[in-house]
Amino acid sequence: MEENKQCNSMDNCEVPSKKVIEFKPPVYEQRYCFVKNLVNRHGLRKIADLGFGDATLLWMLKYHRCVQYLVGVDIAARPFEWGGGRLSPGVGGYIVPRELDLTITLYRGSAVQKDSRLCGFDLITCIELIEHLDSEDLAKFPEVVFGYFSPGMVVISTPNSEFNPLFPASTFRDPDHRFEWNRTQFQTWALDVAKLYNYSVEFTGVGDPPAGAEHVGYCTQIGVFQKNIAKATESSISEPEEHVPEEHIYEVVYTTSYPSLQQSKYFRLTLSSESVKAIGLMKSRFLRGLRKREGDRVVPLGSCTPQFGLTEAQRAEIEQSPKPYSVGEKFYVPLERLIIYPKVNHLVAGSMEKLRTILAEGLLLNGDQSAVQVELVDYQTQRLFDEHLISPVLESLMEEQDEYSENYILRAVSIGQTTLVAIARDKMGRKFTSAPRQIEITRLE
């Protein structure tokens, strides 16, 4: 359908001065965005698209967090077209798994064939479909979609024939169209269907008419049907209801499942990854800041909390928790602190026992399992040393403090060059900075 093409003849146009009808974004995108917004607004999980074509709508919907099951049905679907296509999970889907499971299945079949696997969906979409049905199939369509499949919602879009005179001289927008209805025809049909199958219907559309032609309505007219029964508290991704006999008419041409946090393997990997990230950020700030010795531990004098990615309230809560520390060449992060990090906390739903149990499977905990233990200087830290992003002089330990002075012992833990600068403030708050001094660590004791 050429809905953004240039007008060559405007003999029948209502707006003589309008030589080009251009929709921004194109009307097909507006139709898909209408469905996307509907899915988001209602948090729909099970969605089927009848006449999915190139599967663009399914591809757009797969990114919605609420969606768990997508099905496409098309009479022209071919198996070889979908192997490894854009509906498959990408690398990013394994690195950052979805919160909920997602399965996508494509079938070859007709919208007027009954298949029990499409019963009980939250939403069935028929985008620019019904105008391709002959009179016999159009008569079957309501009984199959509304009566047999019986979804919670149905979205049907179809061309508005009242808009057609604004396009170049043509009868139908596509040679394959069997009919194109005006608004009265579509609304009369839709209201009859809604009444027969106990649905309500609201009418809208996409593709605004140009100025001066508002009376023709939208380029695409849309009916949104909603079942008139109490909505189930939670739609089921399971077998069809018992009263619906099993009928598998459609042929599966493609199916795939996405990694998600509902799957134990990916949940554990994600929790470990988020924990390691948080520990790395804390260790980096620990190494960059001043520290002091308390017994056998070295603890930070300042904050070890990242400055970005957290709200003020989250930073304040983290700062009140037990601080990370080092003992010799080991760095420890208390679980009480780690669990406050938002992503970690969300994953374990605030359960300390769950955090401890899962981290113990892949990370090293200290003796009483109250903290994660990692190397103070690992490969990543050494690379930062080598690139002079972190000073090789790591330990800056407060030895003495009185009213007028503070003394520190610097302990090098890596070979390399660095620059030392002393910064101090007097009682009036004035800042004093020493001249930089280059030093080189050539060996470690």
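The model shown is predicted, which means the values in this text are computed figures rather than measured ones. Excluded from the calculations below are hydrogen atoms, water molecules and symmetry mates; all remaining heavy atoms, backbone and side chain alike, are included.
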Which of parallel (below 30°), tilted (30 to 60°) and perpendicular (above 60°) describes Y332 and Y325?
parallel
Derivation and outcome, side chain to side chain donor-acceptor pair (under 3.5 Å), residues Y197 and S150
CA-CA 9 Å; Y197 293 100; S150 190; over 6 Å; no
May I ask you to decide if the ring planes of F163 and F23 are parallel, tilted or perpendicular, using 30° and 60° as cut-offs?
tilted
Identify the residue among V39, L44, L61 that makes a side chain to side chain contact (heavy atoms under 4.5 Å, CB included) with C66.
V39
Nearest-0.5 Å distance, CD1 of residue I222 to CZ of residue F203:
12.0 Å
Sequence-distant partners of I95, side-chain contact (heavy atoms from CB on, under 4.5 Å), two or more places apart:
V91
Distance-minimising heavy-atom pair for P89 and T256
CD-OG1, 3.3 Å
Contacts of type ring-ring contact (aromatic ring centres under 6.0 Å, His included), residue Y32, not counting sequence neighbours
none
May I ask you to establish whether K46 and F121 are in a cation-pi arrangement, using a distance under 6.0 Å from NZ or CZ to the six-membered ring centre and at most 45° from the ring axis?
yes
Show me the donor-acceptor pairs within less than 3.5 Å that the side chains of residues 153-161 make with the rest of the protein, sequence neighbours left out.
from, atom 1, to, atom 2, distance (Å)
S157, OG, E128, N, 3.0
S157, OG, E128, OE2, 2.7
T158, OG1, E131, OE1, 2.9
N160, OD1, E162, N, 3.1
N160, ND2, V216, O, 2.7
N160, ND2, Y218, O, 2.8
S161, OG, W181, O, 3.3
S161, OG, N182, N, 3.1

Determine which pairs satisfy salt bridge (charged side-chain N to carboxylate O under 4.0 Å, His left out) with at least one residue from residues 258-278, sequence neighbours left out, and list them in order.
R268-E361, E274-K277
What distance do I279 atom CD1 and C304 atom SG have between them, rounded to the nearest 0.5 Å?
13.0 Å
All ring-ring contact (aromatic ring centres under 6.0 Å, His included) counterparts of H132, not counting sequence neighbours
H177
Which heavy-atom pair separates L129 from G51 by the least distance, and what is that distance?
CD1-CA, 4.3 Å
Which residues pass the side-chain contact (heavy atoms from CB on, under 4.5 Å) test with K62, not counting sequence neighbours?
W59, L70, L102, I104, Y258
Kindly give the heavy-atom pair with the smallest separation between K114 and E247, and that separation in Å.
O-CB, 4.2 Å
Can you name the residues that form a ring-ring contact (aromatic ring centres under 6.0 Å, His included) with F149, not counting sequence neighbours?
none
Separation between CZ of R178 and CG of D134, rounded to the nearest 0.5 Å:
6.0 Å
E317: side-chain contact (heavy atoms from CB on, under 4.5 Å) partners, not counting sequence neighbours:
I340
S321 and R337: which non-hydrogen atoms are nearest, and at how many Å?
OG-CG, 3.1 Å
Set of side chain to side chain donor-acceptor pair (under 3.5 Å) partners for K140, sequence neighbours left out:
none
Acceptor/donor pairs from residues 345-355 side chains to any protein atom, 3.5 angstrom cut, sequence neighbours excluded:
from, atom 1, to, atom 2, distance (Å)
N345, ND2, I339, O, 2.9
H346, NE2, E99, OE1, 3.4
H346, NE2, E99, OE2, 3.0
S351, OG, K354, N, 3.1
E353, OE1, R356, NH1, 3.4
E353, OE2, T357, OG1, 3.4

Show every salt bridge (charged side-chain N to carboxylate O under 4.0 Å, His left out) that has at least one partner inside residues 189-214, sequence neighbours left out.
none
Using the side-chain contact (heavy atoms from CB on, under 4.5 Å) criterion, which residues pair with L196? Sequence neighbours excluded.
none
Kindly indicate, with the supporting measurements, whether the criterion side chain to side chain contact (heavy atoms under 4.5 Å, CB included) is fulfilled by V224 and F34.
CA-CA 11 Å; V224 180; F34 178 88; 3.6 Å; yes
Hey, could you give me the CD/CZ distance between E375 and F331, rounded to the nearest 0.5 Å?
12.5 Å
